[in-house]
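Some notes on the structure that comes next.
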2 protein chains.
Amino acid sequence: MGRRSDHSREELQSLIVEATLDLVKEHGAEKVTARQIAQAVGYTPGTLYSVFINLQDIFLHVNELGLSTLFEQCAKAMSAQTEPFAAIRSLGIAYLEFATNNTHQFDLMFARADSPSEEAPAAIQTRIRSMFDLIEEQLRILNPDATTAQVKLGARALWSGVHGTATLRLSDQLYLDRSSSDSDVVDMLVNNFLRSWQHR
Amino acid sequence: MGRRSDHSREELQSLIVEATLDLVKEHGAEKVTARQIAQAVGYTPGTLYSVFINLQDIFLHVNELGLSTLFEQCAKAMSAQTEPFAAIRSLGIAYLEFATNNTHQFDLMFARADSPSEEAPAAIQTRIRSMFDLIEEQLRILNPDATTAQVKLGARALWSGVHGTATLRLSDQLYLDRSSSDSDVVDMLVNNFLRSWQHR
DNA sequence: GCAAAAATTGAACATCGTTCATTAATTTTT
DNA sequence: AAAAATTAATGAACGATGTTCAATTTTTGC
């Protein structure tokens with residue numbers, strides 16, 4: 001078979017990315033093969049390489065998507081709150097919920113990999129900046145006297161805490177006792193951090 | 001060639017694990033192949049499977065080693081401090097130092113994987129317990145009135161923070177600005193957390 | 001309708017993890 | 001000391017992987 005053109009280049013691109021996301025969600029990234037993706041979109045493996053550089057390149061675009069929805073869910077959870085304290089807490093919970101409800105996807109999102117394309121990382125960086133902005137905004141409200149550097153540092157520290165909670169939660173091995181719930185850990189972390197932050 | 005017996009079973013086992021660790025440190029786990037490991041220890045790939053179940057099984061034993069040294073380095077850094085506050089700070093710095101100095105190894109250690117053997121995870125859990133104990137001990141000193149549950153939760157929260165800092169540091173993508181140093185983030189996190197913890 | 005361009009294929013390549021019958025060395029038994 | 005049994009290690013093979021690319025077919029522009 002030769003040229004078909006049932007889909008434009010961009011259509012095919014997002015078709016592949018979405019099919020890959022589905023496969024990742026179901027089986028985990030390690031088990032997803034080029035041939036599987038190709039079959040899912042109704043093409044042959046070779047076609048993938050006319051639209052993307054690599055399998056890794058495809059995964060990068062999947063992560064772009066993942067970061068977007070993670071950001072949206074966090075932003076939505078925050079917007080439901082009026083107080084900065086509660087807002088940050090909600091962000092943490094939302095973050096953890098995403099991680100536990102989309103285990104495989106989250107794993108892929110933060111698994112390190114040397115990136116083959118230049119476009120994807122840029123798009124990804126933008127999305128991460130948005131996450132930071134979300135936190136920095138609240139930290140500023142909570143303590144207007146803090147310098148910009150302090151706010152940036154604080155946001156990174158807070159996010160690191162939330163992210164670490166999610167990460168450790170996912171490495172099942174690490175969870176010896178099932179006693180502590182996600183929200184308990186986030187509460188402990190966020191409350192203690194913010195209480196000091198407020199009175200710094 | 002047939003039987004050689006230059007090494008006992010256990011010798012061969014630790015030979016393989018150490019060779020694998022070297023390869024992981026240099027090239028990253030994804031690039032390490034069974035054939036490479038076999039060549040490094042002077043055997044053929046088949047031999048690996050008479051000593052371990054899997055490549056994954058080998059990696060698990062590598063991680064056992066990794067967690068041991070991580071723990072030792074943290075414990076050592078802590079023991080140099082007398083004050084609990086400084087002790088926990090030192091632990092955080094040591095943790096981050098290990099992560100940045102052993103990027104590939106750290107990646108492997110906390111990359112999730114369904115474990116094929118039953119022995120390794122048990123050994124790994126023991127080592128993780130030790131890490132928790134280290135933190136819990138200091139938290140208890142810092143606030144003797146805290147309940148056991150609170151101490152456990154606090155330790156998990158703190159470790160999550162440190163771990164998250166390390167994790168995010170490693171996903172280069174995430175670091176848009178190189179302004180904040182590792183120790184700054186840890187300071188921000190640990191100081192704010194512990195200040196509240198003390199006066200809870 | 002025809003030539004040029006573009007899209008898709010499918011066969012091929014090297015490499016991967018893993019298995020297992022075969023072989024060679026060592027122990028054990030006689 | 002020879003034969004038998006056991007163990008260690010091999011290496012060839014299998015199926016599956018990511019990736020490449022000449023060949024083929026369809027669309028497009030003239």
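So that the names make sense, note that chain A is the first sequence line, chain B the second, and so on, each numbered from 1. Reckoned from all heavy atoms, side chains included, excluding hydrogens, waters and symmetry mates.
When each of C:dT8, D:dG18, C:dG17 is scored by its nearest atom to the side-chain atoms of A:R35, the top-ranked nucleotide is D:dG18. Comparing atom distances between the A:T44 side chain and each of D:dG18, C:dG17, C:dT9 picks out C:dT9 as nearest. Of the candidate nucleotides D:dA9, C:dT18, D:dG18, D:dA9 has the atom lying nearest to any side-chain atom of B:L12.
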Quiz prompt | Test log, rule salt bridge (charged side-chain N to carboxylate O under 4.0 Å, His left out), inputs B:R129 and B:E136 | solution = CA-CA 10 Å; B:R129 249 281 43 111; B:E136 289 177 9; 3.1 Å; yes
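When the side-chain nitrogen and oxygen atoms of B:Y43 are compared with OP1 and OP2 of D:dA9, one or more of them lie within a distance under 4.0 Å. The phosphate of C:dT9 has OP1 or OP2 within less than 4.0 Å of a side-chain N or O from A:T47. In terms of phosphate contacts, A:Y49 brings no side-chain nitrogen or oxygen within less than 4.0 Å of OP1 or OP2 of D:dT20. Regarding contacts with the backbone of D:dT19, a side-chain N or O of A:N54 is found under 4.0 angstrom from either OP1 or OP2.
Look at CD1 on A:I53: it is 15 Å from C1' on D:dT20, rounded to the nearest Å. The interatomic distance linking A:L48 (CG) with D:dT20 (P) rounds to 12 Å, in whole Å. Distance, B:K31 NZ to C:dT15 C1': 13 Å, rounded to whole Å. Look at CD1 on A:I16: it is 14 Å from P on D:dG18, rounded to the nearest Å. At whole-Å resolution of the value, CD1 in B:I37 and P in C:dC16 are 11 Å apart. Protein atom CZ of B:F52 is 16 Å distant from nucleotide atom C1' of C:dT18, rounded to whole Å. Between the CG atom of B:L15 and the C1' atom of D:dA9 there is a distance of 15 Å, given to the nearest Å. The CZ-P distance, from A:F59 to D:dG18, rounds to 8 Å in whole Å.
Atom CD of residue A:Q81 and atom CZ of residue A:R89 lie 8.0 Å apart, to the nearest 0.5 angstrom.
Toward the 5′ end of DNA chain D lies the nearest nucleotide of A:Q36, the other residue of the pair A:Q36 and A:G46 mapping further downstream. DNA chain C is contacted by both A:G42 and B:Q56; A:G42 maps to the nucleotide lying nearer its 5′ end (nearest heavy atom per residue).
Taking the six-membered ring for Trp and thresholds of 30 and 60 degrees, B:Y95 and B:F110 have ring planes inclined between 30 and 60 degrees apart.
Looking at B:R9 and B:S50, their side chains do bring a donor and an acceptor atom within 3.5 Å of each other.
Across all strands shown, D:dA1 is found opposite C:dT30 as a Watson-Crick or G-U wobble partner, with both distances under 3.5 Å.
Among the protein residues, A:V51 comes within range of no part of the nucleic acid, since none of its heavy atoms lies under 4.0 Å from any strand.
Under the 4.5 Å side-chain heavy-atom criterion for ILVMFWY residues, a single connected hydrophobic cluster contains both B:L96 and B:I128.
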